[in-house]
There are 2 protein chains.
Amino acid sequence: MTTSTTRTTRGKGRDKAAPARPTQKDIALAAGVSQAAVSLVLNKAETPSVPPATRTRILEVAEGLGYRPNHLARMLRSARTMTFACVIPDITNPFYPGLVRGLQTVAAPAGYDVLIFDTDGRPEREARAIDWLLQGRADGVVATFFHLRVPQLAVLARKGIPLVRLESQHKPDGPLAIDSVYIDNAEAAAAMTRLLIARGHRRIAMIQAEFGPSQRRAQGYSAVMREAGLAPDFVTDSAYSEESGARAMTRLLQRKGERPTAVFGASDVLALGAMEAARNAGLSIPGDIAIAGFDDIPVAKLLGLTTVRQPEFDLGALAAETLVRRLQPGGFGSPGKSHELKFEIMKRSSV
Amino acid sequence: MTTSTTRTTRGKGRDKAAPARPTQKDIALAAGVSQAAVSLVLNKAETPSVPPATRTRILEVAEGLGYRPNHLARMLRSARTMTFACVIPDITNPFYPGLVRGLQTVAAPAGYDVLIFDTDGRPEREARAIDWLLQGRADGVVATFFHLRVPQLAVLARKGIPLVRLESQHKPDGPLAIDSVYIDNAEAAAAMTRLLIARGHRRIAMIQAEFGPSQRRAQGYSAVMREAGLAPDFVTDSAYSEESGARAMTRLLQRKGERPTAVFGASDVLALGAMEAARNAGLSIPGDIAIAGFDDIPVAKLLGLTTVRQPEFDLGALAAETLVRRLQPGGFGSPGKSHELKFEIMKRSSV
DNA sequence: TCCGCTTAGTTATACGTATTACTAAAGCAA
DNA sequence: TTGCTTTAGTAATACGTATAACTAAGCGGA
C-alpha cells in the first residue's frame, strides 16, 4: 500500500532487473502464461495449442530477458548429455588434433560437444576414463585404448554408451555397441618395408614404442623382412615421442657391427627424433641412412619424411558419424562393426 | 496375497536385476533407508547422524549395484558444470595442444573437465562461442578472441562466468571478472628483430596473418626497424598456416628489387611455410635467406628454426589456476587482472 | 437450451541429486 | 513418571526443464 516516490520516478513498474540467468519460470511470470507454455513455444516451430499472439509475446519476453536454456536441466530431463568423449593418449601428439577436428566437424552440426580425456597411454588412466564416462559424462565415446579390451569396455555398452575404437587392425564384429574404425597397420607397414627393400635396403631397423599400434606395424615389417629372407631388427623405447625416437636412433648408431641403411620409425614423431639424432651424428638422409615414418602428421611434408599417410581427419569424422548413427532411435540394437579406411604411402626425400 | 510358485522357485526375492544405471533411490530401497541418507553417506567422509552399521550397509549396496553418481543431476543441483571451456582458433595449430595440456593439468586435479571450442578465428564463430557458453556449458573460460572485445565479453562476467583471455599485450585491469595472461608480443618481436639486425641483416621482411597477435608482433618489429633507420616491409596472407607462409614467401621472392636477407614469420607455422618456399626456390637457409618464427612449437627445434619461445603449457596452466581461484567462494569479487609470462629467444640454425 | 467439439492453455510430474528442517524413539536424570 | 537430550534418521523441497494428461471456456449445431 506504500506509494514510493522512488518507484514512481523510475517509470514503469515493470522495470525490475532481470535475473542474472533467467529461467522459463521467469518468462512465464512476465508473459502471464505457464512454464509449460514457454517450454512448448521455445522448443517447437509449430505450436497449434498456442495462438500466434501468445507465442509472439512469449518469444519477445524471452529475448528481452536474454534467456538461454539451461543445458544441464535440459540434459537431465532428456537423459542425455549431447557430448561425445574422445579418449586419446595425448592431444599434443600431432596425429590427434586432426582427428579431433574431424570428430568435431561431424559432431557439432549434430549438436554434440567433444570432451577430450588424455590417458598418456597408461593403464590406470584408461581405467579412470571408463569410470569418468560411467558418471554420464558423454553419450558416446571415440577412443584409443592401449590396454583395455572388450571385456573391460563392455560395461559402457551395457550402460547404453556406444563406443567407437580407433584401431590398427580389423576387429571381429561383436554383439555389443562397440564399433571400430581402422587402417590396416600391418599391411601399411608391409608396403613401406617393401618400398625400402625396393630402394635397395637390406639392413632395415624398426624403432618401436612400448604399447599401442606400433606392434601391428612391427608385424607387417617383420613379415615382409622374413619373406625377403632378411633379419628383422627392432629397437624399442618407451613412448611415441621425438625424444624416444632420438634415443633409439642413438642406441642404433652406437651398436657394434654394420649399421642399418634404413630405419623405419613406427610413428612420425619417432622418425623425426631419429632424423634429429642421425643429423647430430653427422649422417646425411637418405644418403647415409634412409628414414621412414608412419602417420603423415602435418610437418612430415616439410621435413621431406617418407611416411604412411593415415587420414586422421577422416578417421575422426567416420567415428563421429558412427556414433551419431548409434545414438539415433533404434540405432543401439545392431551389432558392433569394423570400418576400414585406406592408407597411402607418401614418398618424399628421406628415403 | 498371491503366493506365486515362480517367485518361490527363483529363490531370494531380492535377486531382481540391477537397473542399467542405478540411482541413489535404488540404493535406498535396497538398503532400507531414505535417499537422503544415501546421499549423505556417499558425499561425506563423516556422517555423525548415520551410525557405522547403516553407513557400511549403504556403501556396500552402492558398490554391489555399481552405482555411479549422475553428473548432470549433481551439477544441476549444485548450479555448476565442473567444466572449463577453452575457446581457441584451431586445435591443429601446434601451439594450442600444449596450451590445452597445461590447462588440463591444473583443471583435472581440481575436478574440472575441459571442453574445446574451435573458432577458426572467425567473428561469427566467436559470437557463437559466447552463445554456447551462456547456455551454462562451462563454469569458466580460457579464450583467444581475435575479434571480440570487453563490451561483448562482459555478458559472461555478468552471468557469473569468469574469463581468462590469452593476450599479446598487457591489458588494463577492469572491474569485471575478466583476467588475462599474456606475453609481451611487441617486446618479443622487438628482441627478435634486434637479433636479426645484430646478425647483419638490413633488409628484413615480416610475414603477417590478417588477424590475431601478429599485429602486436608487427608493432615490435616495426618499432625496432625504424629505430635502426630501416624500412619495415610487410607481406600479409590470410591465416596462421604453412600454406599462408609459403604463399607470402613466394610473393616476396617474386618481387622486383632487392630481396630481403631475412624473413620474420609472425608465427612458427608461417615461418615453416616460408622455409619450404625458400627451399623450393633453391635458396639456402640461413646462407641465402635467414628465417625466424614466433611460438617455438615442438618441431621448431627439429627444423632448426630460430624463434620466440612462448611457454604454451605454462600459459594454459596459469589460466587454469586463475579460473580455479575465481571459482572459489568469494573469488568473483576482485577486479580483472593481467598476468605476464616471459618469452625467450631460441637461437637455432635458421638465422 | 443442451451437447459436443475445438481452442488455449495448465497442472502435475519426472529426471537424480543435495540439503535443511523436522521427527520419533530411546536413554538418562530428577 | 516425566521431561529433556541425543541418536538416527526422514520428509520435503529445490535445481530448470519437457511432456502427457487434463480442464475450462467458447462456439456451433441440433
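Here is how names work: the chains are called A, B, and so on, in the same order as the sequence lines, proteins then strands, and each is numbered from 1. In this text, all values refer to a predicted model and were calculated from it rather than measured experimentally.
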message = Is a donor from one side chain sitting under 3.5 angstrom from an acceptor on the other, for D113(B) and T83(B)?
response = no

inquiry  = Using 30° and 60° as the class boundaries, would you call the ring planes of Y112(A) and F84(A) parallel, tilted or perpendicular?
reply    = parallel

request  = Mind calculating the distance between CE (M75(A)) and P (dA18(D)) to the nearest angstrom?
outcome  = 9 Å

ask   = What nucleic acid atoms does A36(A) come within less than 4.0 Å of, heavy atoms only: base, sugar-phosphate, or nothing?
value = base

query = Looking across every strand, which nucleic acid part, if any, lies under 4.0 Å from V33(A) by heavy atom: base, sugar-phosphate, or nothing?
reply = sugar-phosphate

Short side-chain N/O contact from R74(A) to OP1 or OP2 of dA18(D), under 4.0 Å = yes

remark   = Value for CZ (R137(B)) from CG (L72(A)), rounded to nearest 0.5 Å, stands at 9.5 Å

task = Tell me whether the OP1 or OP2 atom of dG16(C) has a side-chain N or O from T23(B) closer than 4.0 Å.
result = no

request  = Ignoring backbone atoms, test whether S39(B) places a side-chain nitrogen or oxygen under 4.0 Å from the OP1 or OP2 oxygen of dT19(C).
outcome  = no

key: Between T47(A) and R55(A): side-chain donor-acceptor atoms closer than 3.5 Å   = yes

request  = Measure from CZ on R68(B) to P on dT17(C) and round the result to the nearest Å.
outcome  = 13 Å

side-chain N/O R77(A) vs dG16(D) OP1/OP2, d < 4.0 Å = no

task = Using heavy atoms to find the nearest nucleotide of DNA chain D for L40(A) and P48(B) separately, return the residue whose nucleotide is more 5′.
result = P48(B)

task = Could you tell me whether the phosphate oxygens of dA18(D), OP1 or OP2, come under 4.0 Å of any side-chain nitrogen or oxygen in N43(A)?
result = yes

ask   = Is any side-chain nitrogen or oxygen of T54(B) closer than 4.0 Å to OP1 or OP2 of dA8(D)?
value = no

key: First of K44(B) and L72(B) reached from the 5' end of DNA chain C, by closest nucleotide   = L72(B)

request  = Kindly say whether, by distance alone, the side chain of Q24(B) makes a donor-acceptor pair under 3.5 Å with the base of dA18(C)?
outcome  = no

inquiry  = Let me spell it out: for each of S78(B) and G32(B), pick the nucleotide of DNA chain D with the closest heavy atom. Which residue's pick is nearer the 5' end?
reply    = G32(B)

